[in-house]
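Presented below is the structure to which this report refers.
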2 protein chains.
Amino acid sequence: MADSMLDESILDMPLEQMVTFRVSRLHAKMSAQASNILKNSAGISLMQWRVFVMLETHGKLTPAAIVRRTELDKGQLSRAIKGMVNAGLISSAPSESDQRAHVIDFTEKGLEVFHLARPHMRQRQTRLLNSMTAAEREALFGAMEKLDAVVDELEAEQ
Amino acid sequence: MADSMLDESILDMPLEQMVTFRVSRLHAKMSAQASNILKNSAGISLMQWRVFVMLETHGKLTPAAIVRRTELDKGQLSRAIKGMVNAGLISSAPSESDQRAHVIDFTEKGLEVFHLARPHMRQRQTRLLNSMTAAEREALFGAMEKLDAVVDELEAEQ
DNA sequence: TTACTTTGGTTGATCCGTCAACAAAAAAGT
DNA sequence: ACTTTTTTGTTGACGGATCAACCAAAGTAA
């Protein structure tokens, strides 16, 4: 019953209510704000911030390991790392086990810069999560996982 | 209680669980898929599709009216419309009441092209929405609205 | 009227995300 | 051993998104 109603209402669904569009607008808004906070507090980009977060939670890493965990684009990541090494924010040492790879890690300066941004980003994250009830948070993440899965399904069907 | 637990767990939250990052990945995945479907079925872009959807649900429109309702970038929209007029997908007539504005509408060809894509897009939308329960759908949209609002709040505080 | 502000639309600059091509090294298959 | 395939990382090209500058018309206020 809920489904049949759904099927019909889709016919005239305005753009503003479509899932992809809403996610798209939310994404634009949230990442623009994150970028601003990062630029103002630490002068780094969102991509650089993400590299820092990965280093903090997992320790020294190779770019490939970051790609595996995050599905970030390896080209984009490569450029971000180059910029960070250049700016003295991270160190890059050749891997012992793999001649192709290099292991990146915080430099002292990088850690300082990271700590400039972290309280702002953490407070924002807290605010974002606390705007929802626990049930809403679970529903949101659950719904995002389901959407993710359906996109994969549709992909496989083609 | 739930909140204090939340506050602490944020300290070591991996990137993969952060809200902005998750929304970002979901956005990338969903819009890439939508773009593919649109390209394959009708040879149009996501932006062009959105213009079509606006015309279908609201009838003839000026670009400014679209911007007001969707918050799409007016520059981006201007270029999309130029391309669509050029491709014969929409008509552009000078507004009677405002010498600056022009009113756009479907051409016959545009309507045909739109109808090529619509069943695919509608089916996808249905599948996306049906992957969730009614409660989850409400939670998702509610959560997105709340996140949207918090971003605005944070913006205002700066 | 005449000045000032707001709105509608176009354009250019710039940045970000995505994709494909490529070289070097490693791993797997024979 | 040697050939083939996979993985790692860099680079170039391209399209999309964002932002600011700008012009023309409308609206507002004096």
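Within every chain, numbering begins at 1; the chains are lettered A, B, ... in the order of the sequence lines, protein sequences first and strands thereafter.
Computed from coordinates, the Leu72(B) CG to dG8(C) P distance equals 15 Å when rounded to whole Å. The nearest whole Å value for the distance from the CG atom in Leu77(B) to the C1' atom in dC19(D) is 16 Å. With rounding to whole Å, Arg50(A) atom CZ is found 12 Å from dC16(C) atom P. Atom CD of Glu71(A) is separated from atom P of dT18(C) by 11 Å (rounded to the nearest Å). Atom P of nucleotide dG9(D) and atom CG of Leu61(A) are separated by 11 Å, given to the nearest angstrom. Going from atom CD1 of Ile104(B) over to atom C1' of dT10(C) covers 15 Å, rounded to whole Å. Computed from coordinates, the Ile66(B) CD1 to dG8(C) P distance equals 13 Å when rounded to whole Å. Here dA24(D) presents its C1' atom at 14 Å from NE2 of His102(B), a figure rounded to the nearest Å.
Side-chain N/O atoms of Lys74(A) include none lying less than 4.0 angstrom from OP1 or OP2 on dC19(C). Using a 4.0 Å cut-off, some side-chain N or O of Lys82(B) falls inside it from OP1 or OP2 of dT11(C). A close approach under 4.0 Å does occur between a side-chain nitrogen or oxygen of Arg68(B) and OP1 or OP2 of dG8(C).
Within the nucleic acid shown, Ala28(B) comes within 4.0 Å of sugar-phosphate atoms alone, with no base atom in reach, counting heavy atoms only.
A donor-acceptor contact shorter than 3.5 Å links the side chain of Gln48(B) to the backbone of Ser45(B). Under the 3.5 Å distance criterion, the side-chain polar atoms of Glu145(B) are left unmatched by any main-chain donor or acceptor of Gly142(B).
Minimum atom distance to the side chain of Arg79(B) is reached by dA13(C), of the listed dG9(D), dT10(D), dA13(C). The nucleotide whose nearest atom lies closest to any side-chain atom of Ser78(B) is, among dT10(C), dG9(C), dA21(C), dT10(C).
For Asp152(A) and Lys29(B), the salt-bridge test passes: some basic side-chain N is under 4.0 Å from an acidic carboxylate O.
With DNA chain D read from its 5' end, the first of the two nearest nucleotides for Asp98(B) and Asp73(B) is the one closest to Asp73(B). Between Arg100(A) and Asn36(B), it is Asn36(B) whose nearest contact on DNA chain C lies nearer the 5' terminus. Taking for each of Val103(A) and Lys29(A) the nucleotide of DNA chain D with the nearest heavy atom, the 5'-most of the two is the partner of Val103(A).
For the pair Leu154(B) and Arg124(A), the tightest heavy-atom approach, listed with the atom from each and the gap, is CD1-CG, 3.8 Å.
The aromatic rings of Trp49(A) and Phe114(A) are tilted relative to each other, their planes meeting at an angle between 30° and 60°.
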